[in-house]
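Take a look at the structure set out below.
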Amino acid sequence: MFRTDLRWWGFCALALCLITASAPTRAQLRVEVTGVGSNQTPIAIAQFQVDGGPAPQDVDDIIRADLTRSGVFRMIDTGNTPIPESARVDLGDWKSKGADAVVVGSVAKLADGRFDVRFRLYDAVKQQQIDGLSYLSSAAELRLNSHRIADRIYEKLTGVRGVFATRIAYVVQLSKTSFELQISDADGANAQTALRSREPIMSPSWAPDGIRLAYVSFETAKPVVYIHTLTTGERKAIANFRGSNSAPAWSPDGKMLAVALSRDGPTSIYTMNSDGSGLKRITNSGAIDTEPFFSADGKSIYFTSDRGGGPQIYRMDPSGGNVQRVTFNGDYNVSPRLSPDGHTLVYVSRRNNKFQVQSLDLASGQEVGLTDTVLDESPSFAPNGRLLLYATEVNGRGVLASASTDARVHTRLTGPNGDVREPTWGPFIK
C-alpha cells in the first residue's frame, strides 16, 4: 500500500544476513549547496592562526562550511592571512568590507599532543565582541569542537541553537546483498558503520539520549525491530512477532516505542516498553495503520492510515483514542514527522506523479512544498526545527538532501557508492 512497505517486501528474496563488527566507512558524504536563502547575514571568518605544528583538521574551514550550509550566512572574503584570537581587530574596516560579523581564532598544539582552540566573535555593526571561548581538544575531538564553535556562532547571531555538532544516521545499499547502517556528523563527515548486513536495514530512529537507535533488520529473512546501543554495540530484538514488525518510533522520554505490527491481521500500531515488554495494541481499524511518530510533548501520535480509502495522516492520543484526520490535500500523504515545537507537520505527498515533502502549519492549515526533487522519502527534522533531512533520487541513485523549513535553502549530500536512504537526524548531544 505504501512505498516503504513495497520496498520491504521486495527485499525479502535477498540472501541470508552477514553482520560484522562496527568499523569506519571508507567514503564520506560531500555537501553541495544547491540553493541559498534570502536576507543572509554577511560574516567574515578569518583563517585561524596555527602554532606548534599542523592540526589534523582545518577548524576555520569546518566552521565556514557549517555556516554556509545553513543558508543563513553569506561569507565575506578574508584573504589568506591568518588572524589570531589575540589580535586587535579593526571592526570598522571589516564593516566597510561588508561584514556584519567577524570571527578570528587560533589553534595551538600543546606538548602533550592536545590542541588549544580559541575564537572570538565580533559584531562589526555594534563594534563589540559578543562571544569568545577556548576548547582544550584532543586530535580526535578537533572536528567536533569545530562544529561546537559553529553552533555558538549560529546561536549568538540568530538566537536559535545550532545543530552542527549533532549526528545523523542513514542506510547505504552498496549492492543487492550489501547494506550498511552508518552514523556521521551532521555534515556527512566522520562516518562510521554501525551495522553491516546482506539483508535490508530500514527505518532507523534515534532515541532521545542520542546513544540508542531502533531500526528494522531483515537478517532473519523477515522484518524484526532491534534496539542498538551505539556505545557498546549491543543489539536486542524487541519486536519479533509473526508477520511484519516495522516503523519503530521513540516516545520523548525514551522509555517507550510505537511500532507497526501485522501479528493480529492488517498492520496496526502498538506501543511497548523499550525492553520489549508491555505490548499494547492501540489501533484496530481493519485498515493499514503504520509509521507512528510521537509529538515532542508525548500527548499525540501521528500515523499513516488508508482507513479513508487512501493513505493519509492521522493523529491520536497515545492510548489510541480521539483519532482525527490531519491531511486533506491530495490522495496520497505518508511518513508524518512533527517539528520539535509541535507547530509544523511534514510528510511525503504525491502530487502530479511527484513524491515531494510538504509542510503543514497545524494552526492555520497552510501547506507549503519544501523540496524541489521528485522522489522524496523519509523526512526528518533537525533538533532545532530549522532544517529538514530527507532522501531522494538523483540520476537513479539514492542521495540525502536537506531543505530549510522556509523552503529557501536546499543542499545535497553525496559521496559513497550505492543508494543512500532512510535518514534520521539525531538529538542534541548532551
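Positions are given from 1 along the sequence. Quick caveat: nothing in here was measured; it's all calculated off a predicted structure.
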Mind checking the [atom1]-[atom2] spacing from [X] to [Y]? Nearest 0.5 Å is all I need.
X	Y	atom1	atom2	answer
Leu370	Thr405	CG	OG1	7.5 Å
Arg148	Ile62	CZ	CD1	13.0 Å
Ser146	Asp66	OG	CG	8.5 Å
Glu291	Ile301	CD	CD1	14.0 Å
Arg386	Ser339	CZ	OG	11.5 Å
Ile149	Leu121	CD1	CG	11.0 Å

**Prompt:** Salt bridge or not for Arg421 and Glu393, using N-O below 4.0 Å?
**Reply:** yes
**Request:** Could you tell me whether Glu180 and Arg196 make a salt bridge, using a distance below 4.0 angstrom between a side-chain N and a carboxylate O?
**Result:** yes
More than 12 heavy atoms from other groups under 6.0 Å of [atom1] on [X]:
X	atom1	result
Gln366	CD	no
Arg143	CZ	yes
Gln128	CD	yes

Of all the heavy-atom pairs spanning [X] and [Y], show the shortest one and how long it is.
X	Y	value
Ser203	Glu422	N-OE1, 3.1 Å
Pro336	Thr304	CD-OG1, 3.2 Å
Thr166	Gly426	CB-O, 4.3 Å
Ser246	Val216	CA-CG2, 3.7 Å
Pro379	Ser335	CG-O, 3.7 Å
Ser380	Pro423	CB-O, 4.0 Å

Side chains of [X] and [Y] in contact at under 4.5 Å (non-hydrogen atoms):
X	Y	value
Thr392	Asp376	yes
Pro292	Val259	no
Leu157	Ile130	yes
Pro204	Leu181	yes
Gln356	Ser349	no
Pro340	Pro383	no
Tyr347	Val326	no
Ile313	Leu360	no

Ignoring hydrogens and geometry, is there a side-chain-to-backbone donor-acceptor pair from [X] to [Y] under 3.5 Å?
X	Y	answer
Lys354	Asp372	no
Thr78	Ile76	no
Asn245	Leu261	no
Asn273	Asp275	no
Thr373	Leu375	no
Thr411	Arg69	no

Run the salt bridge (charged side-chain N to carboxylate O under 4.0 Å, His left out) test against [X] and tell me which residues pass, sequence neighbours left out.
X	value
Arg152	Asp131
Arg307	Asp289
Asp151	none
Asp331	Arg350

**Request:** Tell me, please, whether Tyr226 has Arg235 positioned over its six-membered ring: NZ or CZ under 6.0 Å from the ring centre and within 45 degrees of its axis?
**Result:** yes
**Message:** I'd like to check the side-chain hydrogen bond (donor to acceptor under 3.5 Å, both in side chains) partners of Asn240; sequence neighbours left out, ordered by chain and number.
**Reply:** none
Tell me the salt bridge (Lys or Arg N to Asp or Glu O under 4.0 Å) pairs involving [range], sequence neighbours left out?
range	value
residues 311-322	none
residues 249-269	none
residues 358-371	Arg351-Glu367

**Complete:** The ring pair (Phe, Tyr, Trp, His ring centres under 6.0 Å) partners of Tyr215 (sequence neighbours excluded) come to His228
**Request:** Sort and list the pairs that fulfil ring-ring contact (aromatic ring centres under 6.0 Å, His included) and have at least one residue in residues 143-162, not counting sequence neighbours.
**Result:** Tyr154-Phe164
**ring-ring contact (aromatic ring centres under 6.0 Å, His included) pairs, two or more places apart, involving residues 283-307** = Phe303-Tyr314
**Message:** The test is side chain to side chain contact (heavy atoms under 4.5 Å, CB included); show your working for Phe381 and Val163 and say whether it passes.
**Reply:** CA-CA 11 Å; Phe381 273 104; Val163 295; over 6 Å; no
**Prompt:** Could you walk me through whether Ile168 and Leu400 pass the side chain to side chain contact (heavy atoms under 4.5 Å, CB included) check?
**Reply:** CA-CA 11 Å; Ile168 62 175; Leu400 301 187; 4.3 Å; yes
**Message:** Working note: Asn333 + Gln312, criterion side-chain hydrogen bond (donor to acceptor under 3.5 Å, both in side chains); need CA distance, chi angles, decisive distance, verdict.
**Reply:** CA-CA 5 Å; Asn333 297 294; Gln312 297 290 342; 2.8 Å; yes
**Request:** Step by step, work out the side chain to side chain contact (heavy atoms under 4.5 Å, CB included) result for Arg212 and Ser274.
**Result:** CA-CA 11 Å; Arg212 295 170 293 167; Ser274 61; 4.0 Å; yes
**Asked** Between Trp250 and Asp209, is a side chain to side chain contact (heavy atoms under 4.5 Å, CB included) present by the stated rule, with each step listed?
**Response** CA-CA 11 Å; Trp250 292 88; Asp209 58 18; over 6 Å; no
**Asked** Do Phe119 and Phe48 have their ring centres less than 6.0 Å from each other?
**Response** no
**Request:** Using side chain to side chain contact (heavy atoms under 4.5 Å, CB included) as the criterion, point out the one residue from Asp419, Ile201, Thr424 that pairs with Val171.
**Result:** Ile201
**Message:** Per the side-chain hydrogen bond (donor to acceptor under 3.5 Å, both in side chains) rule, what does the pair list look like for residues 292-301, sequence neighbours excluded?
**Reply:** Ser295-Asp297
